[in-house]
Amino acid sequence: MATATGRDIGSAKSRKRASDDSADSFPKRPKVGGKTDLTRWRMKDDESRHTWHYLEDDKAAEEWPQSYAEKWYLNLPMDLPALPKATTPLESAENGLTFFEKLQLPSGHWGCEYGGPMFLLVGVVVAWYVTKTPIPDAYATEIKNYLTARAHPKDGGWGLHIEGESTVLGTAMNYTVLRLVGVDPEEPVMVKARATLHKLGGAVNNPHWGKFWLAVLGVVEWDIVNPVPPEIWLLPDWVPIAPWRWWIHIRQVFLPMGYIYSKRWSCEETDEIRGLKQELFVTPHAEINWASHRNSIAPIDNYNPKSWLLNTVNWVLVNVYNPYLRFNFIKERGEQWASELVDMEDANTDYAGLAPVNSPMNMIVCYIRDGPDAFSVRRHRERLEEFLWVKDEGMLCNGTNGVQCWDTAFAILAVVESGLHDKERWRPMLLKALQYLESQQIRENCKDQEKCYRQPRKGGWPFSNKDQGYGVSDCISEALKAVILLQKTEGYPQLLEDQRIFDAVDTLLLYQNDNGAVSSYEQRRGSEYLELLNAAEVFGRIMVEYDYPECTTACVTVLSLFRKHWPEYRTEEINLFIKRATNWIKGYQRPDGSWYGSWGICFTYAAMFALQSMAAIGENYSNSRVAKRGCDFLISKQREDGGWSESYQASETMTYIEHESGSLVVQTAWALIALLEADYPDMERIKKGIKLITDRQQANGEWLQENIEGVFNKSCMISYPNYKYTFTIKALGLFAKKYPNEKL
Ligand SMILES: CC(C)=CCC[C@@H](C)[C@H]1CC[C@@]2(C)C3=C(CC[C@]12C)[C@@]1(C)CC[C@H](O)C(C)(C)[C@@H]1CC3
């Protein structure tokens, strides 16, 4: 059989079968193909633990009918009637809410796909594969469908995220996924992807994380993987590079990765692995000098090239430390401590894990260490399910185990800030949402908090759910704002007594950095110089916490609200916090009046937050230079049709770039919220944007999905499908509040 690059890899069928002793214990994958029946998929909301189930028979499907939310996730017809046409912005907001209410889940929150990154599914599938977890046929089929649908139309490869160009990481990893779930290497999708991978130099050009996954599978030798010594965890805390100072995501990934690297553990060889060994490389596998490719990387993957310092450290580790100085007792102590830290992470998240990169790695650590039947492995196996999502295109891996608390907080805020929370009509929905947030507040600090380098989390809210259990500054803030606003409205129950509100504030006050700004999961602990040790070539700004206008603003707005209602509680500290935070926001404004946003695209998203901060301290277009410049920047980007449109490339390049697809509803809403918060005086300009939003509203009240909204680490995009409701409704509502007599 000839590959698209002409090399013969031997037919999958004629190849020698895996030797019976090793391969027999592996669940055999049947041929994958076709489609599942989308009307048979159900998403179980077990107190916001989401898992997808495929109902095999009619009876089961009848007994568990598909909800509106499920139909919406799967893009199936919802058959909702057309609503009376909105004649005012407020009616349009209510039409939007009528639709959005239908998507609320039984436990009171909203669910959604959280896709975009194309480097996550590989972790889940490799973890399943090496731990011999059977992969249900319906999963395999829909994974194949998703990856086929998302293969780059130009060359059949995959990028770092769904909008990106094909890379080695994306292509080699997703090709591997497809092989592991049972796709035949001769299928057109594989042939095309393989050709692209070969053009990019094959899998030896994988970035670090890609090489790691292939080493776990035994497709490459460990010599190709740059060092991840678990001994680094033995460094005393005062050392400036000690890992407790790193950003939580890189820290929790390096931890299990280090353990597995140190063990040089690889899965036994199987048919699929033998196949991958032949298919992923441009030269014959046996002839590859693995060590010589440690630093090989395709230019397209090399977004953040390794520093000279890291290259030197790696060289010393490989050529001096590993062969001559790595005494067994140091190695074992490093492994032992890493293993204990993995256990603490598992205990603190009930095996859910921080995110879908470290979670499957932790599962593999447990498998290596505790054996296949251990509770730890079984529990991980269950929790891994929660990262998966099914949509019309197929099955994908979400960026976290959901967006539950985050979206629910914004949903409440949209209604309250539109002034609609007083209306009886919206009370049941809001009450359920409040009950949900109540149930998800984190009530206890981590077990062994100091030992595992966690900061207090009691009183906080996570981004997804309480099981995951990581407080994030802005998730705490937005949720607390939603809770306070509702609880201070007549007719809503006081589900959280004051002490629980104080707990949230106490936790929040721990987040401020020395310069007044606020980061994401923790206060900053290390210097930006640690970026010199960034080994993950595909991401920038990943080694330490940074200052974010979004997170800083969220804290400013909630603390401003809090002090109005509880003026006596920690008054001095709160006043100082707000002052220092808003000063930082002012100082962070760029000469053109913009702010760089890290979690949404990009300057538009940040402007919304920064101008809210200014509003919180009474600064607006007419009395503040900062607010005026912020508005002028936004206005300079308004398009002819009244909308805004920013490309994900703005996040990558840190310069404003318009999206080629024209105005976008979500970004228009962000810009309008910013202008409304800042009291921008030209109503007609704002109304033009409002018109764009209402014109795009469908008869049943919904808005359709447009371009991707979110981002992380500058280079990877991620979807927030509920933003097209929460922010549009908020923009419409704010406008209606300010200009109640304006018609559409
Ligand atoms: C590089 C690695 C380890 C990749 C795994 C994916 C995670 C790092 C991403 C996926 C979702 C993600 C973008 C998220 C955030 C951090 C990084 C995450 C967890 C946070 C919590 C940071 C603070 C933000 O304001 C906000 C709350 C919006 C996001 C939410 C999603």
Side-chain angles (χ1 to χ4, degrees), residues 112-124 160-161 169 173 207-210 212-213 246-257 303-304 349 352-362 387 397-410 460-465 468-479 511 517-522 534-543 545-555 597-602 605-606 608-609 648 651 670 708-720 722-723 726-727:
C112 64
E113 170 205 343
Y114 194 37
M118 292 301 280
F119 64 96
L120 298 172
L121 191 55
V122 67
V124 175
L160 184 67
H161 56 92
L169 182 72
M173 295 299 93
H208 190 216
W209 293 10
F212 169 82
W213 286 122
W246 303 357
W247 189 47
I248 191 76
H249 279 281
I250 204 72
R251 181 162 111 216
Q252 296 296 33
V253 168
F254 254 65
L255 179 68
M257 205 184 221
Y303 175 76
N304 198 79
T349 61
L354 171 64
V357 183
N358 81 324
S359 187
M361 289 183 188
N362 279 15
F387 293 117
C397 180
N398 277 344
T400 55
N401 59 337
V403 192
Q404 297 88 325
C405 286
W406 184 247
D407 275 341
T408 306
F410 280 123
W461 273 272
F463 177 70
S464 56
N465 61 15
Q468 190 256 12
Y470 277 87
V472 185
S473 62
D474 54 355
C475 303
I476 303 173
S477 303
E478 304 296 353
Y511 277 82
V518 180
S519 304
S520 58
Y521 293 81
E522 290 162 341
N534 178 357
E537 296 101 333
V538 289
F539 303 112
R541 302 211 326 157
I542 195 175
M543 289 302 287
E545 282 279 9
Y546 286 88
D547 305 321
Y548 302 116
E550 301 96 309
C551 298
T552 310
T553 293
C555 296
S598 295
W599 307 109
I601 299 169
C602 172
Y605 184 68
M608 170 175 72
F609 286 97
Y648 70 88
S651 304
W670 289 341
I708 202 156
E709 304 86 353
V711 59
F712 59 94
N713 302 114
K714 283 175 75 178
S715 58
C716 195
M717 307 305 136
I718 192 154
S719 318
Y720 287 85
N722 286 322
Y723 281 1
T726 49
F727 288 107

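Both ligands and their constituent atoms are indexed starting at 1 by order of listing.
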*Below 4.0 Å from any atom of ligand 1, is there a heavy atom belonging to Phe254?*
no
*Which pair of non-hydrogen atoms, one from Trp461 and one from Ile476, has the smallest distance, and what is that distance?*
N-CG1, 3.4 Å
*List the closest protein heavy-atom neighbour of atom 12 (C) of ligand 1: residue, atom name, distance to the nearest 0.1 Å.*
Tyr114 OH, 4.0 Å
*asked:* For atom 26 (C) of ligand 1, what's the nearest protein heavy-atom neighbour? Residue, atom name and distance, please.
replied: Asp474 OD2, 4.0 Å
_Smallest separation among heavy atoms of Asp407 and Thr726, with atom names_ = O-CG2, 4.2 Å
_When you compare the side chains of Ser598 and Glu550, does any donor N or O come within less than 3.5 Å of an acceptor on the partner?_
no
_If we only consider heavy atoms of Tyr720, is any one of them less than 4.0 Å away from an atom in ligand 1?_
yes
*Would you check if the distance from the ring center of Trp246 to the ring center of Phe254 is below 6.0 Å?*
yes
*Consider only side-chain N and O atoms of Tyr521 and His249, and report whether a donor and an acceptor are under 3.5 Å apart.*
yes
*Work out which heavy atom in Pro356 is nearest to a heavy atom in Gly399; give both atom names and the distance.*
CD-O, 3.0 Å
*To which protein heavy atom is atom 21 (C) of ligand 1 closest, and what is the distance rounded to 0.1 Å?*
Tyr521 OH, 3.4 Å
*Can you tell me the protein heavy atom closest to atom 5 (C) of ligand 1 and the distance?*
Val357 CG2, 3.7 Å
*Protein residue, atom and distance nearest to atom 30 (C) of ligand 1, heavy-atom basis*: Phe463 CE1, 3.3 Å
_For Cys475, atoms of ligand 1 separated by under 4.0 Å from a heavy atom_ = 27 (C)
*Could you tell me whether Ser598 approaches ligand 1 through its side chain, its backbone, both or neither, with non-hydrogen atoms closer than 4.0 Å?*
neither
*asked:* For a quick check under 3.5 Å, do Tyr720 and Glu113 share a side-chain donor-acceptor pair by atom type?
replied: no
*asked:* Any atom of ligand 1 sitting under 4.0 Å from a heavy atom of Tyr470?
replied: no
*Considering only the protein, which heavy-atom contact is closest to atom 7 (C) of ligand 1, and what is its distance?*
His249 CE1, 3.7 Å
*asked:* When you compare the side chains of Ser520 and Trp247, does any donor N or O come within less than 3.5 Å of an acceptor on the partner?
replied: yes
*So which of Trp599, Trp209, Trp406 gets nearest to atom 16 (C) of ligand 1, if we judge by its closest heavy atom?*
Trp599
*For atom 4 (C) of ligand 1, what is the nearest protein heavy atom, given as residue, atom name and distance?*
Phe119 CZ, 3.8 Å
*Identify the closest protein heavy atom to atom 10 (C) of ligand 1: which residue and atom is it, and at what distance?*
Gly399 O, 3.7 Å
_Minimum-distance pair of heavy atoms, taken over all atoms of Gln468 and Ser464_ = CB-OG, 3.5 Å
*Please work out which of the three classes, parallel, tilted or perpendicular, describes the rings of Phe727 and Phe410, given edges at 30° and 60°.*
tilted
*Out of curiosity, is Tyr548 lining ligand 1, as in a heavy atom under 4.0 Å away?*
no
